[in-house]
Amino acid sequence: MRALVSGAAGFLGLALAERLAEAGAEQVLCVDNFVRGERDDAFRALCQRPNVTFLELDLAAPDAARRLPREPVDVVYHLAALNGTQNFYERPWEVLRCSTLPTFALLEAYATRPGLSRFVYAGSSESYASTVTRFGWQVPTAEDVPLCIEDPLNARWSYGVSKLHGEVAVAQGCRQHGTPFTVIRYHNVYGPRMGDRHVVPDFIERMRRGVYELHGWEDTRSFLYVDDAVRATIALAECAGARDQIVNVGSDEELSILDLGRRLLATIGIEAEIALHPSPAGSVRRRAPDVTKLRELVGFTPAVALEEGLRRTVEFYWPTPDRA
Ligand SMILES: NC(=O)c1ccc[n+]([C@@H]2O[C@H](COP(=O)([O-])OP(=O)(O)OC[C@H]3O[C@@H](n4cnc5c(N)ncnc54)[C@H](O)[C@@H]3O)[C@@H](O)[C@H]2O)c1
């Protein structure tokens, strides 16, 4: 099996590429431009594997499709995008560029000709978040929810609209060329090496500085550990029933951000009052996936409990020896 992983220096991409290489893929072609991913020890270890090839390429560049290798690939896992809430507000243009154009380049290079057994696209719960907020759609939310963005004038939605666009581009681009695809809608995947623009590493950093405060404490999310997300991703790519389907990947355990903060404090054994602040404007009040389809298709249930996943994540960002 020959796989291409875009965004392979990033959080999910690296974990996925590692797992594919470990499981004996003939070749894992990894692509990234380091707009966010890092050349850290984990990335260097991945590149040293004999069945891994790395290509540094800006998939949003006009000639990206032509610069991708011509050899056939069995599965494309397209994870390259620019996420991170701060990025949505501070550099929406780059978010739009990096979260739309790479999809065209990869579809052009691999889905418009025969041979690909699956084009897997990393979709996001952000593409329906507005439907839940604005129209009170049901939570936990199933895959048939209408996708929309609340306000094109709010930079917050630069990412959500890109992921919405990606689902349509992949579904229609692949369908027109008879290429099998699967859209995976990820819901708050967390774990070591997830960057610093997310509530989990952000709160760990605050705990480290002795600052116990949370924004949007009443909002709810569900969290899936990265190894589980990778396992679900590969299972769906190999599942005949997931062909041409949209599938939620996440946990159905919905909890408030305050509850998450308390669990993180408990992981380290800190007893402290948390100062609570309201959510920023445009933030999403509730989010949790209905994972019935995922369960039915591949029999998936998370293997890493939240307590254990948070323990591993805290250990990565704030190792025990540094806490003494
Ligand atoms: N992590 C989550 O909880 C989550 C939730 C929903 C959806 N997703 C989706 O899953 C995918 C992976 O997310 P992640 O958390 O690993 O993100 P990440 O930022 O860690 O990784 C994305 C990678 O894509 C690379 N990239 C961005 N633009 C590129 C370009 N133009 N050319 C080449 N590489 C480029 C970045 O450098 C980065 O290494 C993304 O598509 C994201 O939208 C993730």
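As the structure lists them, so they are numbered: ligands from 1, and atoms in each ligand from 1. Just so it is clear, the structure is predicted and the values come from calculations on it, not from any experiment.
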Take the angle between the ring planes of Y190 and F223 and call it parallel below 30°, perpendicular above 60°, tilted in between. perpendicular
Can you tell me which residue pairs pass the side-chain hydrogen bond (donor to acceptor under 3.5 Å, both in side chains) test with a partner in residues 235-247, sequence neighbours excluded? Q245-K293
Taking the side chain as C-beta and beyond, is there a heavy-atom pair between M194 and V200 under 4.5 Å? yes
Under-4.0 Å salt bridge between E308 and R312: yes
With F34, which residues qualify under ring pair (Phe, Tyr, Trp, His ring centres under 6.0 Å), at least two apart? F43, F54
Taking side-chain contact (heavy atoms from CB on, under 4.5 Å) as the test, write out the residues that go with E71, two or more places apart. R2, P69
Residues in contact with ligand 1, criterion: heavy atom under 4.0 Å: G7, A9, G10, F11, L12, D32, N33, F34, V35, R36, G37, L57, D58, L59, A60, L79, A80, A81, N83, C98, P102, A122, G123, S124, Y159, K163, Y186, N188, V189
